[in-house]
Novice: 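Quick one: this structure, given as structure tokens, is what I'll be asking you about.
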Number of protein chains: 2
Amino acid sequence: MASALAERSSSGVQSVERAIAILKSFSIDKPERGVGELSRELGLHKSTVSRLMTTLERGGLLSRSPESQRYRLGIDLLGLAAHVAGYMDLREVARPYLRRVADECQESVNLVVLDVSERGGQRRAQVVNLEQFVPPTRQVKNIGRVGRRMPPHCTAAGKVLLAYLPPEEREQVLPDVLEAFTPHTVTRRDHLQVELARVRQQGSAIVQEELEEGLNAVAAPIHDHTGSVIAAASIAGPAYRLTPQELPQLAAHLGKVAARISHDMGFTA
Amino acid sequence: MASALAERSSSGVQSVERAIAILKSFSIDKPERGVGELSRELGLHKSTVSRLMTTLERGGLLSRSPESQRYRLGIDLLGLAAHVAGYMDLREVARPYLRRVADECQESVNLVVLDVSERGGQRRAQVVNLEQFVPPTRQVKNIGRVGRRMPPHCTAAGKVLLAYLPPEEREQVLPDVLEAFTPHTVTRRDHLQVELARVRQQGSAIVQEELEEGLNAVAAPIHDHTGSVIAAASIAGPAYRLTPQELPQLAAHLGKVAARISHDMGFTA
DNA sequence: AACCATGTTGCGCATAACGGGACATATTAT
DNA sequence: ATAATATGTCCCGTTATGCGCAACATGGTT
């Protein structure tokens with residue numbers, strides 16, 4: 001993470017790239033950041049970072065917390081996020097359902113979409129968390145907050161989203177080598193294809209310890225009014241709680257909830 | 001709005017300012033925008049805008065909708081917004097309550113905070129919408145979506161937030177001239193001070209047609225666990241529905257709901 | 001008081017961002 | 001078909017612009 005902005009990639013506005021890097025340096029663990037701190041982290045001069053942050057503050061994308069010292073992300077980001085097309089309705093509709101599921105299961109529930117973007121001339125797909133519901137009692141692992149990106153081939157939600165992609169599109173966005181995160185990660189494309197077919201057939205995906213050892217998950221597709229799959233709902237939890245014999249019924253349950261959300265989105269099976 | 005970036009304000013990174021201007025050019029009415037379009041609007045060359053937008057896209061703050069053409073706001077903004085410190089809890093807690101109020105009253109309900117920022121060497125306060133709940137049946141006026149900024153001295157929520165500000169702070173952030181938006185707008189500071197005292201006493205604010213003719217509103221404060229007022233809830237609607245005789249009980253009702261939210265935020269009266 | 005942090009401000013240089021215009025592509029009209 | 005008008009991207013030469021430097025503030029520790 002040292003200097004993601006080292007690469008002088010052609011045709012990119014340097015200062016804007018740096019400004020974005022500054023914005024993205026904020027996280028749950030680091031909700032406030034200072035100039036010097038970031039200067040070191042990004043390998044830029046203090047003055048440079050200072051000017052960039054001042055500009056971002058003027059623009060409302062940053063603000064300073066108590067009385068001028070460290071910076072926080074600015075309120076205007078909420079306004080911008082509110083205008084991110086499409087997903088707002090989905091989030092509104094899905095929220096109550098998924099919160100309920102989180103309460104019932106006492107596991108963390110996610111609402112995710114597939115984000116395909118151009119990386120180095122290649123179209124790559126990533127799974128992005130739109131929303132996460134964590135049961136209040138279980139603050140154990142706070143993994144995967146909103147905005148987190150994950151690989152699609154080894155996550156339950158990712159498999160669902162891949163499964164319902166048009167075949168040629170799927171071909172494009174799947175990398176040649178499927179990275180192995182654990183010994184259980186499916187790394188062969190042909191094996192994955194078989195699994196995706198099964199996902200389509202079953203209407204849900206079950207993944208055991210493919211992204212992280214000891215982490216299991218199930219997921220189900222959410223359709224919009226045109227019928228295409230626009231998102232997936234997933235339940236994730238430690239393997240000792242989400243046992244192999246429980247997973248199928250959990251998946252089935254989530255499938256029903258997802259279907260209800262789809263219905264509310266205007267989908268008529 | 002033609003060119004807010006005309007002013008070569010000292011110590012501001014030009015390209016970042018422009019990038020922010022691009023981001024902020026998106027809105028409900030204009031969820032997708034093109035290079036040429038913006039180039040004209042901002043008075044910049046096509047190539048300049050193209051490069052800026054490409055950079056923003058690479059950074060995930062923009063994305064292109066169908067198959068490379070117009071731009072939309074990018075998903076990563078959701079992730080950034082999720083890290084905007086502090087407000088997330090409040091939104092989560094308040095949401096179900098305020099939605100319910102919106103359903104009951106069949107009026108639009110807002111959750112707002114005060115944003116004080118440095119503008120031209122002067123600290124200015126603005127009221128910002130964190131969240132808006134519009135009853136589904138009444139899509140009439142879709143004013144004031146999330147992120148909208150409004151003056152504090154002539155809005156119900158603004159008066160609440162001003163009322164509970166430390167006096168010296170209030171002095172600072174109140175402009176010398178209170179702009180009149182309608183004939184009913186309070187423009188004298190001493191009159192406003194009297195009203196704010198009444199707000200503190202009553203625990204709620206009632207505003208009739210001060211921001212816009214025919215628009216009435218009530219608001220109540222929301223406290224955090226330390227006791228300070230961090231936000232306000234408001235109900236706004238047309239004067240013919242929110243009649244003068246109804247307003248007080250509406251305000252009282254909202255006050256109770258706000259108190260409940262405060263309680264959930266850890267406030268013990 | 002001297003020291004170590006922090007973040008901001010002026011300055012001169014060189015790079016990086018700009019605007020111009022050519023190019024590629026798509027949609028519409030003739 | 002061909003032309004005409006959009007669109008957005010790419011290359012290139014110029015200079016304004018953003019950079020690093022170092023000095024300057026300011027605040028907390030020893």
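Chain naming here is simple, since letters A, B, ... match the order of the sequence lines and numbering starts at 1 in each.
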Novice: Report the residue from A:Val146, A:Val93, A:Ile222, A:Val128 that forms a side chain to side chain contact (heavy atoms under 4.5 Å, CB included) with A:Leu111.
Specialist: A:Ile222
Novice: How close or far is atom P of D:dT17 from atom CG of B:Leu44, stated in whole angstroms?
Specialist: 12 Å
Novice: Could you grab the distance from atom OG of A:Ser39 to atom CZ of A:Arg33, nearest 0.5 Å is fine?
Specialist: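 Output value for this atom pair is 11.0 Å.
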Novice: Rounded to whole Å, how long is the line connecting atom CZ of A:Arg70 with atom C1' of D:dT26?
Specialist: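 Between C1' of D:dT26 and CZ of A:Arg70: 16 Å.
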Novice: Taking side chain as C-beta onward, heavy atoms only, is B:Leu62 less than 4.5 Å from B:Phe26?
Specialist: yes
Novice: Evaluate the side-chain proximity of B:Arg64 to B:Arg72: yes if any heavy-atom separation is below 4.5 Å, no if none is.
Specialist: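 Not in contact.
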Novice: Output the single nucleotide from D:dT9, C:dT8, D:dT7 whose closest atom is nearest the side chain of B:Val35.
Specialist: D:dT9
Novice: With heavy atoms under 4.0 Å as the rule, sort B:Ser47 into base, sugar-phosphate or nothing.
Specialist: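 Contact class for B:Ser47: base.
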Novice: D:dC21, D:dT17, C:dT6: which one has an atom nearest the side-chain heavy atoms of B:Gln14?
Specialist: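 The answer is D:dT17.
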Novice: Can you measure B:Lys46 atom NZ to D:dT5 atom C1' for me and round it to whole angstrom units?
Specialist: 11 Å
Novice: Give a yes/no answer on whether the side chain of A:Arg64 brings an N or O atom under 4.0 Å of OP1 or OP2 in C:dT8.
Specialist: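 For C:dT8, OP1 or OP2 has a side-chain N or O of A:Arg64 closer than 4.0 Å.
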Novice: Could you walk me through whether A:Glu37 and A:Arg70 pass the salt bridge (charged side-chain N to carboxylate O under 4.0 Å, His left out) check?
Specialist: CA-CA 10 Å; A:Glu37 190 188 353; A:Arg70 297 168 78 71; 3.0 Å; yes
Novice: Rounded to whole Å, how long is the line connecting atom NE2 of A:His45 with atom C1' of C:dG7?
Specialist: 12 Å
Novice: Could you tell me whether the side chain of A:Arg18 has a donor or acceptor atom within less than 3.5 Å of a complementary atom in the base of D:dG18?
Specialist: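 Looking at the base of D:dG18, it does not pair with any donor or acceptor on the side chain of A:Arg18 (distance under 3.5 Å).
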Novice: Given atom CZ of B:Arg51 and atom P of D:dT9, what is their separation to the nearest angstrom?
Specialist: 11 Å
Novice: Write down the distance between CE (B:Met53) and P (D:dT7), rounded to a whole number of angstrom.
Specialist: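 One finds 13 Å between P of D:dT7 and CE of B:Met53, rounded.
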Novice: We want to know whether B:Asn110 and B:Gln132 form a side-chain donor-acceptor pair, criterion being a heavy-atom distance below 3.5 angstrom.
Specialist: yes
Novice: Are A:Tyr71 and A:Met53 packed together at the side-chain level, in the sense that at least one heavy-atom pair is separated by less than 4.5 angstrom?
Specialist: yes
Novice: To the nearest 10°, give me the bend of the helix from C:dA1-D:dT30 to C:dT30-D:dA1, comparing the axes of its five terminal pairs at either end.
Specialist: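 It comes to 30° between the two terminal axes.
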Novice: Check whether any side-chain nitrogen or oxygen of B:Ser50 sits under 4.0 Å from OP1 or OP2 of D:dG8, and answer yes or no.
Specialist: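 The answer is no; no side-chain N or O of B:Ser50 sits under 4.0 Å from OP1 or OP2.
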Novice: When the distance from CZ of B:Arg40 to P of C:dG19 is rounded to whole Å, what number comes out?
Specialist: 16 Å
Novice: Take A:Glu37 and B:Thr48, find for each the nucleotide of DNA chain C with the closest heavy atom, and name the residue whose nucleotide sits nearer the 5' end.
Specialist: A:Glu37
Novice: Determine the contact category for A:Ser15: base if any of its heavy atoms lies under 4.0 Å from a base atom, sugar-phosphate if only primed atoms, P, OP1 or OP2 are that close, otherwise nothing.
Specialist: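 Contact class for A:Ser15: sugar-phosphate only.
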Novice: C:dG7 C1' sits how many Å from A:Leu56 CG, rounded?
Specialist: 16 Å
